[in-house]
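A short write-up of the structure that comes next.
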Amino acid sequence: MIALLADGPETDFGRQLTTLPGWRQFVGACLSQPMAVLTKAEYEALEAESRDAYDDDRLDHHARLQVVATSTVRSTVTCGRRLIILNRGAISARRGLIVSGPANTGKTIALTQLGLAHELQDRRRHPGGDDRIPVIYITVPPAATPRMIAAEFARFLGLPVLRSSNITDLTEAVVGVCNRARTGLILVDEIHNISLMTRHGAEASDTLKYFSERIPATFAYAGIDIEDGSLLSGTRGDQIAARFTPMATHPFPYNAEWKALVAQMEANLVLHEHKRGTLTRLDRFIHTRTGGMIGTLSHQIRGAAVDAILGRNEMINKAGLLAVDLDIASRRKRTDTDR
């Protein structure tokens with residue numbers, strides 16, 4: 001019997017969602033209590049060492065600022081949970097989900113939030129089920145081959161991947177563990193790395209299909225502009241298109257939802273001099289600067305919060321936002337607002 005990788009700190013996988021310990025830490029962090037927030041007077045009364053420790057906690061808090069439940073996230077979770085329920089009685093041809101859109105529009109966030117929702121639901125239905133692995137999360141490597149796909153599954157589960165391990169060995173080991181552990185949802189990110197125009201890509205796609213036939217789980221994919229790529233082309237692509245429901249991500253327009261996103265992120269800040277409503281009043285400027293990209297928005301506000309703590313000014317204003325360097329894509333789309 002193959003043992004799963006120990007879920008301890010010595011594995012050094014705690015921050016990798018593509019490993020079982022990393023995924024469990026992600027779920028645990030979402031369940032943890034929010035950090036205790038001190039008043040300005042309490043903060044100033046701390047001794048230097050305690051103040052530094054509190055600042056470190058605040059930096060960690062802003063580094064993993066709470067995920068905002070966008071309409072895309074809600075739709076993905078709703079659709080995904082519906083498919084999971086419908087697939088419970090399916091013997092074959094289970095339905096799946098594809099989250100597709102431009103880069104930096106929240107595809108991975110939507111995918112992982114679906115996984116989180118299923119994991120929490122499974123824990124409620126099966127309390128104390130430590131032997132269960134409700135969710136698997138992998139990313140597709142560039143130029144993926146069938147063995148590389150199987151190896152990603154094995155690494156998540158902590159199964160040994162040896163040079164002598166062939167794809168049959170890996171596949172059987174993965175299927176065996178998933179079936180014993182009652183895996184119900186398999187998340188596959190970066191699916192655009194599979195091209196059906198190449199032999200290896202076509203075989204990698206077949207490998208995922210084979211896993212879906214051997215493991216009674218719902219498969220959810222995420223990738224960049226899938227409908228414009230080769231994944232849905234040809235006979236294999238037609239099979240995927242017939243079984244998978246699309247969920248589109250996109251840049252957010254400047255509207256009520258965008259304003260609510262900025263307001264919610266601002267509400268999660270832990271800064272002693274920041275005046276609530278400052279970022280809300282700048283939401284149009286922030287939209288122009290970030291191009292409506294949820295990933296860029298998150299980086300913008302989190303980065304400004306980190307600067308505010310390290311710089312001891314404890315607030316975010318327009319100058320603080322401008323001081324945060326953004327990604328190249330958003331700079332290409334930006335107008336002369338900065339100038």
Side-chain angles (χ1 to χ4, degrees), residues 2-32 56-57 59-67 73 76 80 99 103-104 106-120 122-123 130-163 165 170-171 173-175 177-178 181 183-194 204 207-208 211 215 217 219-224 294-295 298-299 302-303 306 327:
I2 302 176
L4 295 180
L5 192 64
D7 192 2
E10 69 276 4
T11 61
D12 197 31
F13 291 144
R15 296 184 182 276
Q16 298 181 26
L17 283 180
T18 53
T19 67
L20 182 57
W23 177 261
R24 285 176 172 168
Q25 187 182 61
F26 162 72
V27 174
C30 295
L31 294 174
S32 62
D56 283 340
D57 289 341
L59 290 171
D60 287 341
H61 166 79
H62 292 105
R64 57 174 187 269
L65 203 57
Q66 179 182 357
V67 172
V73 169
T76 300
V99 183
N104 215 15
K107 295 179 298 298
T108 296
I109 292 175
L111 198 67
T112 53
Q113 289 302 298
L114 169 59
L116 174 64
H118 178 68
E119 178 97 19
L120 297 182
D122 189 89
R123 291 185 182 188
D130 295 335
D131 58 338
R132 299 178 68 88
I133 305 175
V135 178
I136 288 178
Y137 174 84
I138 69 166
T139 59
V140 176
T145 64
R147 187 182 183 280
M148 291 166 70
I149 294 292
E152 289 299 312
F153 278 88
R155 288 193 183 97
F156 180 93
L157 297 170
L159 301 176
V161 180
L162 308 175
R163 289 185 178 180
S165 301
L170 293 174
T171 300
V174 167
V175 169
V177 171
C178 288
T183 300
L185 177 63
I186 294 178
L187 309 175
V188 183
D189 210 344
E190 307 293 329
I191 194 69
H192 55 266
N193 283 333
I194 292 180
T207 299
L208 283 174
F211 274 125
I215 303 170
F219 279 63
Y221 298 163
I224 298 175
I294 185 67
S298 175
H299 175 79
R302 292 185 300 121
V306 168
D327 52 84

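In this chain, numbering begins with 1 at the start of the sequence shown.
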Run the side-chain contact (heavy atoms from CB on, under 4.5 Å) check on Arg155 and Thr18 step by step: do they pass? CA-CA 8 Å; Arg155 288 193 183 97; Thr18 53; over 6 Å; no

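With values rounded to the nearest 0.5 angstrom, Leu157 atom CG is found 4.5 Å from Ile136 atom CD1. A distance of 8.5 Å separates CG of Leu159 from CG of Leu170, quoted to the nearest 0.5 Å. Of the inter-residue distances, the one linking Phe219 atom CZ with Ile186 atom CD1 reads 3.5 Å to the nearest 0.5 angstrom. Atom CD of Glu190 and atom CD of Glu152 lie 11.0 Å apart (nearest 0.5 Å). From Leu116, atom CG reaches atom CG of Leu111 across 12.0 Å, with rounding to the nearest 0.5 Å. To the nearest 0.5 angstrom, Arg302 atom CZ is 11.0 Å from His61 atom NE2.
You'll find the side chain of Tyr137 reaches within 4.5 Å of the side chain of Thr112, heavy atoms only. For the pair Leu208 and Ile194, the minimum side-chain heavy-atom distance is below 4.5 Å. Val135 is listed as a side-chain neighbour of Trp23, based on a closest heavy-atom distance under 4.5 Å. Counting heavy atoms from C-beta outward, Leu31 and Leu120 have side chains that approach closer than 4.5 Å. In this structure, Gln113 and Thr76 have side chains that are not in contact, with every pair of non-hydrogen atoms separated by 4.5 Å or more. Cys30 has its side chain out of reach of Val27: every pair of non-hydrogen atoms, C-beta onward, lies at least 4.5 Å apart. Between Leu185 and Asp122 there is no side-chain heavy-atom pair separated by less than 4.5 Å.
Taking each heavy atom of Arg163 and Arg147 in turn, the nearest pair found is O-NH2, 4.0 Å. Contact between Met148 and Pro141 at its shortest, heavy atoms only, is CE-CB, 3.5 Å. Phe211 and Val174 make their closest contact through CE2-CG1, 3.7 Å (heavy atoms, listed as atom of the first residue, atom of the second, distance). Closest approach of Ala204 and Ile149 over heavy atoms only: CB-CG1, 4.0 Å. For the pair Gly106 and Ile294, the tightest heavy-atom approach, listed with the atom from each and the gap, is N-CG2, 3.5 Å. The nearest pair of heavy atoms linking Ile138 to Phe156 is CG2-CB, 4.4 Å.
In this structure, the side chain of His62 does not engage the main chain of Val306 through any donor-acceptor pair within 3.5 Å. Using a distance-only test at 3.5 Å, with no hydrogens or angles considered, no donor-acceptor pair links the side chain of Thr139 to the main chain of Asp189.
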